[in-house]
*Asks:* 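Below you'll find the structure I mean.
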2 protein chains.
Amino acid sequence: MITIKDVAKLAGVSASTVSRAISGNIPVEKETRDKVMQAVEELHYEPNALAKGLKEGKTNTIGLIIPNIGNHLFPPLVKGVEETARKSGYTVILCNTENNLEIEKTYLEKMQKRLVDGFIIATAREKSTHILDMEAEGVPVVLLIRHLGNAVDAVILDNYKGAYEAVSYLLARGRKKIAIINGEQELSLYRERFNGYQEALKKAGETVVPQLVLDDAFGEENGYAVMVGLLRSGQMPDAVFATTDLRAIGAIRAIKDFGYRVPEDIAVIGFDDFEFTKLLSPRLTTVSQPLYDMGKLAVEKLITIMDNKNKVTPIIDVMEPTLVLRDST
Amino acid sequence: MITIKDVAKLAGVSASTVSRAISGNIPVEKETRDKVMQAVEELHYEPNALAKGLKEGKTNTIGLIIPNIGNHLFPPLVKGVEETARKSGYTVILCNTENNLEIEKTYLEKMQKRLVDGFIIATAREKSTHILDMEAEGVPVVLLIRHLGNAVDAVILDNYKGAYEAVSYLLARGRKKIAIINGEQELSLYRERFNGYQEALKKAGETVVPQLVLDDAFGEENGYAVMVGLLRSGQMPDAVFATTDLRAIGAIRAIKDFGYRVPEDIAVIGFDDFEFTKLLSPRLTTVSQPLYDMGKLAVEKLITIMDNKNKVTPIIDVMEPTLVLRDST
DNA sequence: ATTGTTTATGAAAACGATTGCACAAAGCAT
DNA sequence: ATGCTTTGTGCAATCGTTTTCATAAACAAT
């Protein structure tokens, strides 16, 4: 491996001078600088990132913690993070936790001690004392797609608004009996989506009918199962608001299996706007999250935090969803 | 930050002893070890990864270079890599190159100097002297989904076989006029898929009719465009072999737009088995790549290479595709 | 000519870990 | 009891940087 000393020797100067010539922070005579640069070229010298990091107490690396890269939500998010980080001179270490708290903790602990300058965490747990601890210790952290009250900086979506607009749209188109297929109530994002649903109905003078509120576990399969249950029950809705595209797709499959048409008999709206959602037939109307931009913003916030030594109070940035109209409504 | 010296002081021993007690490689008296461990606990000491890496010349980190995490091919691959690496005590740094050679080179250069112990590269360029250079310099590298002749270790798919089996299946079901929607001929994987197509036809006594060979740029849009062109030309195929699921989906859209039925009038087979492919209607018959396993194998190979100081000749591992039968044939 | 500044450079001390070497204490054989 | 090995520990060097401090040279001001 070629070190700074090799360069120094070839250029006929000391290691310190090489360091100064390269960094440019401290003035070096033009002539010596040229000699150094030439030696650098000649030897293809690249400074050892480890030594540099050790000395400077900084690695220009950030850790990105996500539950599952296989979930279609995350690739755009990761892309936004990665791209923005790269453009600012940061490298990102991707950590996939499999939604396993132990793995998450291990990752955080392992990297905290100077492999990484800060974290972006996108694992959607509600209570996370270990993250609060990190924040308290002064480790730079930004949450993504989740928040821990106002205790930690975060970039989240206005879930309430997304749901409110989706349901309002259905109501405006004359739909009355609107079912909701929702997710785990422990997650605030699903509670908020439910609130949006509820408020939109209330505003229109409708009431929430309990039989049309379907709580679901996860994914396409369950969307299907739950929708089948509803159709069997005799309660025939004229629209479905699914809090996830996957649930919407499952619901559509069930509706078709029962011989009904989408959107003529039952309109369906999803949530997330997974990329492939526009390849389906009917193309899915859905609430779109600006995932790429959210990833981008999270990095920008994190960099600000890392640069600012003196801690300021956390800010929660709330991004706006967009209702994307397609053929399922 | 808590260092080994803090632990040493608290335990009343020297830093060296702490190091030895922790690593366990060198015997330490039971009693002192206990004292050390207790101090470690008490202070929540975690060794500084940078200092350790600098001293040992090893970081237990691998770099994973991919063109675009947004492409559905990559999440399963990344997952396979990440999970296997983690289980072996490695951390992975994800690098998204946007298919941009400059970004790729920058990443490789930047990380080569000891931030990373080895690389897995999944960017599908044919000529890559920079990678050959790395290999020559002794940097551990494994290629994934691509290969550079026999010069560099690689994990690839038997593209020929996948295509051969897909087309043979269509032929066995009585289809005769089989079109192929293919990708850039500069990429060997598409050349191989074409060869498989060609051979299957030949074996069945059919010949390749040039009008049915469609070369395409990329994605769903182009699959659609190219298929429209074919249907307009009056050449009516009874089956389509698309070398990518996205192309297949585009083709199906075109076929439907022309009022034909899939699979009754025209059967369609894709390639890749993107996860959402089974959510479409009709559910797509396709050639599945064992992406997760390929990522896994790549890591295993890389670790072997990194452990083995003495270089052995590169091995190209060829994985088997599987034909997944669904409703589009 | 003398002193005081400025400027460019090198030597050396960090950063936090590991490890070869030296040495003391303990164990064993004679 | 003496010498020889074994065992456990500390000291100091090392990894490749950056940066403080000191010094020498160049220059300006008296």
Side-chain angles (χ1 to χ4, degrees), chain A residues 1-40 43-61 89 91 109-117, chain B residues 1-40 43-61 89 91 109-117:
Chain A
M1 141 160 280
I2 296 159
T3 76
I4 201 169
K5 285 180 190 161
D6 301 320
V7 178
K9 196 181 292 174
L10 180 60
V13 297
S14 74
S16 347
T17 304
V18 174
S19 175
R20 291 189 266 251
I22 290 173
S23 79
N25 303 333
I26 288 154
V28 166
E29 194 148 339
K30 172 101 177 55
E31 193 186 352
T32 25
R33 156 178 275 112
D34 290 346
K35 272 192 305 190
V36 169
M37 287 319 191
Q38 194 181 329
V40 166
L43 299 173
H44 293 111
Y45 168 71
E46 291 275 339
N48 180 313
L50 257 39
K52 191 168 174 173
L54 176 58
K55 192 81 231 293
E56 297 181 337
K58 188 163 193 331
T59 58
N60 288 306
T61 302
T91 304
E109 243 170 49
K110 210 168 91 182
M111 306 177 82
Q112 207 159 334
K113 302 304 165 181
R114 301 291 52 174
L115 235 189
V116 140
D117 296 335
Chain B
M1 142 159 280
I2 296 158
T3 75
I4 200 168
K5 285 181 190 164
D6 301 319
V7 178
K9 195 181 293 175
L10 180 61
V13 297
S14 75
S16 348
T17 304
V18 174
S19 174
R20 292 190 265 252
I22 291 172
S23 79
N25 303 333
I26 289 155
V28 167
E29 193 149 337
K30 173 102 178 54
E31 193 185 351
T32 24
R33 155 179 276 111
D34 289 348
K35 274 192 303 188
V36 169
M37 287 318 193
Q38 194 181 328
V40 166
L43 299 173
H44 294 111
Y45 167 72
E46 289 275 339
N48 181 313
L50 257 39
K52 192 167 174 169
L54 177 59
K55 188 80 232 292
E56 296 182 336
K58 188 160 192 333
T59 59
N60 289 305
T61 302
T91 304
E109 244 169 45
K110 211 169 92 184
M111 306 177 81
Q112 206 159 334
K113 302 303 165 178
R114 304 287 53 173
L115 235 189
V116 140
D117 296 336

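Note that the structure is predicted; figures quoted are calculated from it, not measured. Note: hydrogens, waters and symmetry copies are ignored here, and every other heavy atom, side chains too, is used.
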*Asks:* Can you tell which of D/dC11, D/dT17, C/dC15 lies closest to the side chain of A/Leu54?
*Replies:* C/dC15
*Asks:* So which nucleotide from C/dG10, D/dT18, C/dT18 ends up closest to the side chain of B/Glu56?
*Replies:*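 The answer is C/dT18, which lies nearest to the side chain.
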*Asks:* Tell me: CG of A/Leu43 to C1' of D/dG16, nearest whole Å?
*Replies:* 15 Å
*Asks:* Starting at atom CG of A/Leu50, determine the distance to atom P of D/dG16, rounded to an integer number of angstrom.
*Replies:*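 Checked: the CG to P distance equals 11 Å.
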*Asks:* Between D/dT9, C/dT19, D/dT18, spot the one nearest the side chain of B/Val28, thanks.
*Replies:* D/dT9
*Asks:* Can you tell me the distance, in whole Å, between the NZ atom of B/Lys5 and the C1' atom of D/dA12?
*Replies:* 12 Å
*Asks:* What is the minimum heavy-atom distance between A/Ala49 and B/Leu115, and which atoms define it?
*Replies:*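 Smallest interatomic distance, heavy atoms only, reads CB-CG, 3.7 Å.
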*Asks:* Quick one: A/Asn25 CG to D/dT20 P, roughly how many Å, whole number?
*Replies:* 11 Å
*Asks:* From CD of B/Glu29 over to P of D/dG10, roughly how many Å is that when rounded to an integer?
*Replies:*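 Answer to the nearest Å: 11 Å.
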*Asks:* Grab the CD1-C1' distance between A/Ile4 and C/dG10 for me, whole Å please.
*Replies:* 13 Å
*Asks:* Of the non-hydrogen atoms in A/Val13 and A/Val36, which two are nearest, and what is the gap between them?
*Replies:*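 So the two residues come closest at CG2-CG2, 4.0 Å.
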*Asks:* Between A/Lys30 (NZ) and C/dT9 (C1'), how many Å, whole number?
*Replies:* 18 Å
*Asks:* What's the closest nucleotide to the side chain of B/Arg20 if the choices are D/dC11, D/dT18, C/dG16?
*Replies:* D/dC11
*Asks:* By nearest heavy atom, map B/Pro27 and A/Lys52 onto DNA chain D; which one lands nearer the 5' end?
*Replies:* B/Pro27
*Asks:* Students often get this wrong, so: under 4.0 angstrom with heavy atoms, is B/Thr32 touching a base, only sugar-phosphate, or nothing?
*Replies:* sugar-phosphate
*Asks:* Taking the minimum atom-to-atom distance to the side chain of B/Thr17, which one of D/dT19, D/dG10, C/dG10 wins?
*Replies:*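 Comparing D/dT19, D/dG10, C/dG10 against the side chain of B/Thr17, the answer is D/dG10.
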*Asks:* Less than 4.5 Å apart, side chain to side chain, heavy atoms only: is that true for A/Thr61 and A/Asp117?
*Replies:* no
*Asks:* Step through the shown structure and confirm whether more than 12 heavy atoms of other residues, nucleotides or ligands are within 6.0 Å of NZ on A/Lys35.
*Replies:* yes
*Asks:* Hey, which sits more toward the 5' end of DNA chain D by its nearest nucleotide, A/Thr3 or B/Ser16?
*Replies:* B/Ser16
*Asks:* Within the modelled atom types, does a donor on one side and an acceptor on the other bring the side chain of A/Lys55 and the base of D/dT17 under 3.5 Å apart?
*Replies:* no
*Asks:* Rounding to a whole Å, what distance do you find between A/Asp34:CG and C/dA8:P?
*Replies:* 14 Å
*Asks:* Whether the side chain of B/Asp6 engages the backbone of B/Thr3 through a donor-acceptor N/O pair (distance < 3.5 Å, no angle test) should be reported.
*Replies:* yes
